[in-house]
Protein chains: 2
Amino acid sequence: MPKVVDHEERRRNIAEAVYRLIGANGMDAVSLRDVAQEAGVSMGAVQHYFKTKDDMLLFALGYMRERVLPRLQSALDKLPDPTTRERTRAAITLMLPLDKQSTQEATVNIAFFANSFGNKETQAKLREGYRALYEASRQSLKDAAESGELRSIEDVDQAAAELFYLVQGLIGPTLIGAMSKKEAVTVVDNKLDALFR
Amino acid sequence: MPKVVDHEERRRNIAEAVYRLIGANGMDAVSLRDVAQEAGVSMGAVQHYFKTKDDMLLFALGYMRERVLPRLQSALDKLPDPTTRERTRAAITLMLPLDKQSTQEATVNIAFFANSFGNKETQAKLREGYRALYEASRQSLKDAAESGELRSIEDVDQAAAELFYLVQGLIGPTLIGAMSKKEAVTVVDNKLDALFR
DNA sequence: GCTATTACAATACAAATGTATTGCAAAAAT
DNA sequence: ATTTTTGCAATACATTTGTATTGTAATAGC
């Protein structure tokens, strides 16, 4: 029998191929054959690791979240003793499609969004992801309020919602060029100015 | 030869079928055969009115904008002498997926968004639509500032961007249930409270 | 009345797709 | 040393898809 390999690694490699294809041409470009080619394996190998195409896509969606955290951590490690504002800005910068990788991620996210209209499992996973992200973001702002980093904000929940969903709203239009990256960052920075001391 | 019919009407009927299919199952459900069936015509008829599937989708995207305006007008007609705030709220209420039709429209919009990653024409049309909508919204808020309807806002452009993209950001998560409709409306109303006298 | 045109309808066709199956060689287990 | 297991690879198959083509009957134009 062949050398035993790391299944999770193989699956991740395939997921990365999925992201590249979506990022370049959208979800329609994700056929098993295309994924296999992009991943540098045979279609039989793809089928070895994923029972169905849906399995593969669902895995890819879940894995995407996993791989963002190290990137965020890495960005934070570059900031010496960051304030909440700086950490918040770093996180937002990762979410907005400002560089190649974030652009890919934003594209993939929207593609899965659209895909979720015909797929309950995908939609559940997205919902769960959104809630977790929003809650973390809200809690972070709440902590900042308690430690006096915010200006006098009456309603921290409202402020948290405004910031979070403002960023969500900027992603799509920035992706398609309805808004420039610079403008998007300016809007966010102005908002942060209004929130933080 | 058969009785001459209204081409545009036929095309619109087909576009409506496209929306229904997307709304129910996402863009993957939009095959020519499915559209024909949903529209109550033969596939030959669909091909008679649209040379290619892409033509059909592009038309559907364009037509969607056209058909929103009468709905907005109708909502405004129900308001006796509306303030800018009331008009703004009416428009936002139409954009958020609060009722069946708005939900369908939001779904279709995201579907086209995702579809645009593999289609330059679709993306251009979306971009154009976003820009027009944003500009109208920004101008409306600017007018309100000049006529004294707003609180003292330092930067009306920033305020306009915040309101517009906050709403954009609420659509997706509301659609998938990551956020409740009630919460979304509350966030918007609070934002309007902060902007308008 | 005759001809041209139109609105469909039906069908063909090539290509693409996901699922399923079989095969093989090398490593792991005994 | 033998058997079992594993990671692929290759292929088959049924289904679906968009594009293309042909046909027909009824209306419009002259």
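Chain naming here is simple, since letters A, B, ... match the order of the sequence lines and numbering starts at 1 in each.
Judged by closest nucleotide on DNA chain D, B/L32 is the one of B/L32 and B/K3 placed further toward the 5' end. Nearest-nucleotide mapping onto DNA chain C: of A/V30 and B/A45, the residue sitting toward the 5' end is B/A45. Residue A/S42 is the one, among B/M43 and A/S42, whose nearest nucleotide of DNA chain D lies closer to the 5' end (criterion: closest heavy atom). Position along DNA chain C of the nearest nucleotide to A/V4 versus A/G44 favours A/G44 as the more 5'-ward residue.
Rounded to whole angstrom, the span from the CD atom of A/Q37 across to the C1' atom of C/dA16 amounts to 14 Å. With rounding to whole Å, B/Q47 atom CD is found 14 Å from C/dT11 atom P. Rounded to whole Å, the distance from CZ on B/R11 to P on C/dA7 is 12 Å. The CG atom of A/D6 sits 13 Å away from the C1' atom of D/dG7 (whole-angstrom rounding). If you take CG of B/N13 and C1' of C/dA7, they are 14 Å apart, rounded to a whole angstrom. Atom-to-atom, CE of B/M27 to C1' of D/dT17 comes out at 16 Å; the value is rounded to the nearest Å. As rounded to whole Å, 14 Å separates atom C1' of C/dA7 from atom CD of B/E9. Atoms CZ (A/R33) and C1' (D/dT11) sit 10 Å apart, rounded to a whole Å.
Contacts of A/T122 classified as side chain to side chain donor-acceptor pair (under 3.5 Å), with partners at least two apart in sequence or in another chain: A/N119.
With 3.5 Å as the limit, one finds no donor-acceptor pair spanning the side chains of B/N109 and B/E105. Side-chain contact, B/E183 with B/S180: a donor N or O sits under 3.5 Å from an acceptor N or O.
Cluster membership for A/L192 and A/L170, using ILVMFWY side-chain heavy atoms within less than 4.5 angstrom, is shared. Hydrophobic clustering of Ile, Leu, Val, Met, Phe, Trp and Tyr side chains at less than 4.5 Å, counting indirect connections, keeps A/Y63 apart from A/L94.
Using a cut-off of 4.0 Å between Lys/Arg side-chain N and Asp/Glu carboxylate O, A/D193 and A/R85 are scored as salt-bridged.
Using a 4.0 Å heavy-atom criterion, one finds that A/F50 contacts no nucleic acid atom at all. Residue B/V35 is out of contact with every strand shown, counting any heavy-atom pair closer than 4.0 Å.
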CA sep, side-chain torsions, deciding dist, call: B/S74, B/D77, side chain to side chain donor-acceptor pair (under 3.5 Å): CA-CA 5 Å; B/S74 169; B/D77 288 345; 5.8 Å; no
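Contacts of residues 51-63 of chain A with DNA chain C (heavy atom under 4.0 Å): A/T52, A/K53.
The side chain of A/H48 has D/dG7 as its nearest neighbour among D/dT17, D/dG7, C/dG18.
For B/H7 and C/dA7, the shortest distance from a side-chain N or O to OP1 or OP2 is below 4.0 Å.
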